[in-house]
Protein chains: 2
Amino acid sequence: MKLNQGVEWALHCCVNLAWASAGEPISSGRLAELYKLPPAYLNKQLQCLVRAGVLQSVSGPRGGFQLARRADRISVLDVVLAIEGRDLAFRCDGILANCPGGDAEQDYLRSCIIAQSMRQAELAWRTELARQTVAGIAQSLERRFPQARADSLAQLRASSDGRD
Amino acid sequence: MKLNQGVEWALHCCVNLAWASAGEPISSGRLAELYKLPPAYLNKQLQCLVRAGVLQSVSGPRGGFQLARRADRISVLDVVLAIEGRDLAFRCDGILANCPGGDAEQDYLRSCIIAQSMRQAELAWRTELARQTVAGIAQSLERRFPQARADSLAQLRASSDGRD
DNA sequence: GTTTCTCTACTCGGATATCTGATGTCCGAGTGCACGCGG
DNA sequence: CCGCGTGCACTCGGACATCAGATATCCGAGTAGAGAAAC
């Protein structure tokens, strides 16, 4: 079980967008430059966030991405599910259906004790992620690294002004 | 994020081994036949459980697999980690290190707020899995499907006696 | 000077390669049992 | 009849294919803004 690399990128980008959300979109190119990431691939990940309704995209020059709603209404779970998909990690193929006493008609996701256990654990995971918001992360970051926000904004501004 | 298919197989097999653990090993072939699974691949998964110390293997005729310790001392987490590996699902590559204010020396798994959040959620997931034991699963199964244990044992016995 | 039109540069978005890891298969090493042979 | 040796069938264990999905890239559609031309 491994999460896509894009999850880490998406979360960091969302924090940055939360800081910069003065109504001015930020392009994927700028974000990629900030974190030294492959621009096209980062763009692809951000597209997932748009499809999931977490971000809004603006085309054309001065375009880019911005949060689709207030940062305190975007949970970490929203971002993770946008990248990873909404399916549960544990797939119950109902191998019990092939068992001697098995019944192909039954809904094994509900009846199978094992599937239930796995589901319960996954629910705990999602609950924990749902408790955290992008705004909360941003706030914690500012508290720990007071200059982080200013640094990021300065960097973004520099790269959009000085066309080095 | 998807768990390997082998996790489901391994858990069902462990429950069966808990039922049959009269000191008599069960071969991967019998288990595969029981669940209609590819024998060689199931064998591969069970090998992971052996390497992790969950199962013991016995070679030769009348050989097979058996639980390495009492079923109530084997948690679902043990089985999952045996198949999936012990690494955390969230890989923090420390992309902050490449950031303007970044510091390549820092341990971002600890300092990065995002990595911490993901870690906390994953801990909740593992905790939930650690609460469940193979014995508990087997007990729940017996309570819900009283004939399950007898059916499985009968099927295993039949396939080992009647060489059809 | 102002308005309008055009052109350009920049952005997202999806279609397209590549590569790692999951899935599935095969064969060799080792071992306990059965059978046969000798005492 | 009893003990021993040999052969065999069965098992695990790891090496070897195959395939799906993650990773990475490229090009086209659309657009805002700048600049030029006309009034």
Side-chain angles (χ1 to χ4, degrees), chain A residues 1-10 13 17 23-33 35-52 54-66 68 80 82-85 87 89-91 93 95 159-161 163, chain B residues 1-10 13 17 23-33 35-52 54-66 68 80 82-85 87 89-91 93 95 159-161 163:
Chain A
M1 184 181 64
K2 275 184 343 196
L3 279 85
N4 291 354
Q5 194 60 63
V7 171
E8 185 184 3
W9 304 355
C13 286
L17 292 178
E24 195 157 342
I26 299 184
S27 76
S28 62
R30 299 264 173 271
L31 288 168
E33 198 178 352
Y35 292 117
K36 306 283 198 311
L37 298 176
Y41 191 32
L42 177 61
N43 191 16
K44 189 183 181 65
Q45 307 289 0
L46 295 181
Q47 280 174 38
C48 292
L49 294 177
V50 172
R51 269 194 291 272
V54 173
L55 297 186
Q56 276 181 338
S57 64
V58 179
S59 279
R62 311 291 296 165
F65 297 90
Q66 55 191 358
V80 171
I83 302 289
E84 291 288 333
D87 291 345
F90 180 77
R91 296 164 291 166
D93 283 6
I95 66 175
S159 71
S160 73
D161 289 352
R163 205 62 47 82
Chain B
M1 184 181 61
K2 274 182 346 194
L3 279 85
N4 290 356
Q5 194 62 62
V7 171
E8 185 184 3
W9 304 357
C13 287
L17 292 178
E24 194 156 343
I26 300 184
S27 76
S28 62
R30 301 264 173 270
L31 289 167
E33 198 176 353
Y35 292 119
K36 307 282 199 312
L37 297 176
Y41 191 33
L42 176 61
N43 190 16
K44 189 184 181 67
Q45 307 290 356
L46 295 181
Q47 279 175 38
C48 292
L49 293 177
V50 172
R51 269 193 290 271
V54 173
L55 298 186
Q56 276 181 339
S57 64
V58 179
S59 281
R62 311 291 295 166
F65 296 91
Q66 54 191 358
V80 172
I83 303 289
E84 291 288 333
D87 291 344
F90 180 78
R91 297 163 290 166
D93 284 7
I95 65 175
S159 70
S160 73
D161 288 352
R163 205 62 46 82

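Note on naming: letters A, B, ... go to the chains in the order of the sequence lines (proteins, then strands), and numbering restarts at 1 for each one.
Applying the 4.0 Å criterion to OP1 and OP2 of C:dG14, one finds that A:Arg51 has a side-chain N or O inside that range. Listed pair B:Ser57 / D:dC12 fails the phosphate criterion, with no side-chain N or O lying under 4.0 Å from OP1 or OP2. At the phosphate of C:dG32, neither OP1 nor OP2 sits under 4.0 Å from any side-chain N or O atom of B:Ser59. OP1 or OP2 of C:dC12 lies within a sub-4.0 Å distance of a side-chain N or O belonging to A:Ser28. Between A:Gln5 and D:dT23, a side-chain N or O to OP1/OP2 separation shorter than 4.0 Å is absent. Dashed line: the shortest gap from a side-chain N or O of A:Arg91 to OP1 or OP2 of C:dA22 is not under 4.0 Å. OP1 and OP2 of D:dC12 both lie 4.0 Å or more from every side-chain N or O belonging to B:Arg30.
Contacts of A:Gly64 with the nucleic acid, taken as non-hydrogen atoms under 4.0 Å apart, involve only primed sugar atoms and P, OP1 or OP2. A:Lys44 comes within 4.0 angstrom of a base, heavy atoms only.
The nucleotide whose nearest atom lies closest to any side-chain atom of B:Pro38 is, among C:dT25, D:dG13, C:dC12, C:dT25. Among the nucleotides D:dA24, D:dG13, C:dA22, the one closest to any side-chain atom of B:Asn4 is C:dA22. You'll find that the side chain of B:Tyr41 is closest to C:dG24, out of C:dG24, C:dG30, D:dT31. Side-chain proximity of B:Pro61 to the nucleotides C:dG32, C:dT25, C:dT11 is greatest for C:dG32.
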